[in-house]
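Here the structure is a predicted model, which means the values were calculated and not measured. Side chains are part of it too, since the values below use all heavy atoms of this structure and drop only hydrogens, waters and symmetry mates.
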Amino acid sequence: MPLVDSFTVDHKTMRAPQVRKAKVIKRESGEIVEVYDLRFKKPNTTYMNTKAVHTLEHFLATFLREKLPDIIDVSPMGCRTGFYMTLFGSYDEREIEEYLIYSLNKILEAEKIPGSNEEECGNFEDHSLEEAKEVAKEIIEGLKK
């Protein structure tokens with residue numbers, strides 16, 4: 001059985017926060033799909049709680065698309081240390097980091113969580129704007145180092 005891509009990365013030495021190009025898929029048609037590891041917390045050391053992860057997922061899915069309209073998906077990692085972002089096209093990690101910082105700054109300014117009502121969300125009570133803002137601020141500071 002082939003290993004999942006993320007299982008081939010040494011999580012003991014992984015830096016966080018960081019933006020890492022995790023995978024590039026080149027289709028026969030010439031189309032390129034890239035997967036980015038948006039690592040917020042150091043694996044096996046610190047984690048985001050579920051309310052922060054859920055709220056960040058809603059915000060990142062919204063705000064990253066303002067700069068990257070070809071996003072396929074932004075998904076939280078089950079380990080709660082970050083997110084995977086999948087998109088069409090070819091980008092540089094620094095460019096993705098800039099767009100991530102842009103999105104995190106917009107979270108700090110936000111007064112409302114997008115898609116967080118009963119009609120738009122499958123677990124609408126599992127959100128925390130305050131906790132998402134705390135994580136966003138921490139990641140911005142960490143990426144600027």
Side-chain angles (χ1 to χ4, degrees), residues 4-27 30-145:
V4 174
D5 294 328
S6 66
F7 297 169
T8 65
V9 179
D10 186 350
H11 285 67
K12 294 181 295 189
T13 60
M14 186 176 287
R15 290 184 304 106
Q18 75 164 322
V19 171
R20 180 181 66 84
K21 190 178 292 192
K23 186 175 191 171
V24 177
I25 302 165
K26 294 182 181 174
R27 311 234 5 190
E31 193 168 51
I32 295 173
V33 175
E34 292 184 337
V35 179
Y36 286 86
D37 176 333
L38 308 177
R39 191 65 59 159
F40 287 8
K41 301 286 187 170
K42 183 159 178 51
N44 300 305
T45 305
T46 58
Y47 317 94
M48 295 177 282
N49 70 42
T50 59
K51 286 184 177 201
V53 169
H54 191 189
T55 303
L56 287 164
E57 175 193 15
H58 280 235
F59 276 123
L60 293 174
T62 301
F63 294 145
L64 282 168
R65 281 183 170 84
E66 291 179 8
K67 298 291 185 179
L68 296 161
D70 290 331
I71 288 178
I72 298 167
D73 191 35
V74 179
S75 304
M77 296 174 180
C79 61
R80 296 179 287 134
T81 62
F83 295 83
Y84 285 112
M85 179 178 69
T86 306
L87 68 159
F88 291 111
S90 182
Y91 295 86
D92 178 81
E93 289 171 344
R94 291 291 305 159
E95 190 176 10
I96 298 299
E97 186 176 299
E98 286 177 33
Y99 299 147
L100 176 60
I101 290 171
Y102 163 84
S103 298
L104 294 170
N105 276 313
K106 288 203 63 155
I107 292 169
L108 294 178
E109 299 168 1
E111 295 179 15
K112 181 181 169 197
I113 303 163
S116 63
N117 60 54
E118 194 171 7
E119 292 79 30
E120 299 169 330
C121 180
N123 194 359
F124 76 101
E125 293 178 328
D126 187 41
H127 285 284
S128 173
L129 180 58
E130 296 76 25
E131 291 172 22
K133 286 183 178 195
E134 287 174 22
V135 173
K137 184 177 180 188
E138 176 186 321
I139 303 314
I140 292 167
E141 291 170 3
L143 288 173
K144 288 182 178 180
K145 290 182 181 178

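- Contact record, Asp73 with Ile71: N-CG2, 3.4 Å, taken as the closest heavy-atom pair.
- Looking at every heavy atom in both residues, Phe83 comes nearest to Val53 through CZ-O, 3.6 Å.
- The shortest distance between side-chain heavy atoms of Phe124 and Ser116 does not fall below 4.5 Å.
- Side chain to side chain, Arg39 and Thr81 meet the donor-acceptor criterion of an N or O pair below 3.5 Å.
- In this structure a side-chain-to-backbone donor-acceptor pair under 3.5 Å is present from Tyr36 to Tyr91.
- Within the model, atoms OH of Tyr84 and CG of Asp37 stand 5.0 Å from one another, a figure rounded to the nearest 0.5 Å.
- Atoms CG and CZ, on Leu56 and Phe40 in that order, are 6.0 Å from each other to the nearest 0.5 Å.
- Contact check for Met48 versus Pro76: no side-chain heavy atoms found under the 4.5 Å cut-off.
- Put simply, the side chain of Leu38 reaches to within 4.5 Å of the side chain of Ile96, judged on heavy atoms.
- A distance of 8.5 Å separates OG1 in Thr55 from NZ in Lys51, rounded to the nearest 0.5 Å.
- Heavy atoms only, all atoms of each residue included: Arg80 and Thr50 are closest at CD-CG2, 4.0 Å.
- In terms of modelled atom types and a separation under 3.5 Å, the side chain of Lys23 and the main chain of Thr86 share no donor-acceptor contact.
- Heavy-atom contacts from other residues, nucleotides or ligands closer than 6.0 Å to CD of Glu118 number 12 or fewer.
- Between the side chain of Ser103 and the main chain of Leu60, no donor-acceptor pair closer than 3.5 Å is present.
- Taking CG of Leu68 as the reference point, atom CG of Leu87 lies at 6.0 Å (rounded to 0.5 Å).
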Next item on the list: Test salt bridge (charged side-chain N to carboxylate O under 4.0 Å, His left out) on Glu97 and Arg94 and set out the steps.
Entry: CA-CA 5 Å; Glu97 186 176 299; Arg94 291 291 305 159; 2.6 Å; yes
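- With hydrogens and angles disregarded, a donor-acceptor distance shorter than 3.5 Å links the side chain of Lys42 to the backbone of Met14.
- Considering all non-hydrogen atoms of both residues, Ile107 and Ala136 come closest at CG2-CB, 4.1 Å.
- Annotation for His127 and Cys121: closest pair NE2-SG, 3.6 Å, computed over non-hydrogen atoms.
- Taken to the nearest 0.5 Å, the NZ atom of Lys67 stands 9.5 Å off from the CD atom of Glu98.
- In terms of modelled atom types and a separation under 3.5 Å, the side chain of His58 and the main chain of Pro114 share a donor-acceptor contact.
- Side chain of Thr45 to backbone of Pro43: a donor-acceptor contact under 3.5 angstrom is found.
- The two residues Asp126 and His54 come nearest to each other via the heavy atoms O-ND1, 2.8 Å.
- Here the side chain of Glu131 pairs no donor or acceptor atom with the backbone of Ser128 at under 3.5 angstrom.
- Between Phe59 and Phe63, the ring planes are parallel. Angles under 30° get that label, and only those over 60° would be called perpendicular.
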Next item on the list: Evaluate side-chain contact (heavy atoms from CB on, under 4.5 Å) for His11 paired with Cys79, printing each intermediate quantity in order.
Entry: CA-CA 11 Å; His11 285 67; Cys79 61; 6.0 Å; no
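- Put simply, the side chain of Glu93 gets close to the backbone of Lys21: a donor and an acceptor are under 3.5 Å apart.
- Taken to the nearest 0.5 Å, the CG atom of Asp70 stands 12.0 Å off from the CD1 atom of Ile32.
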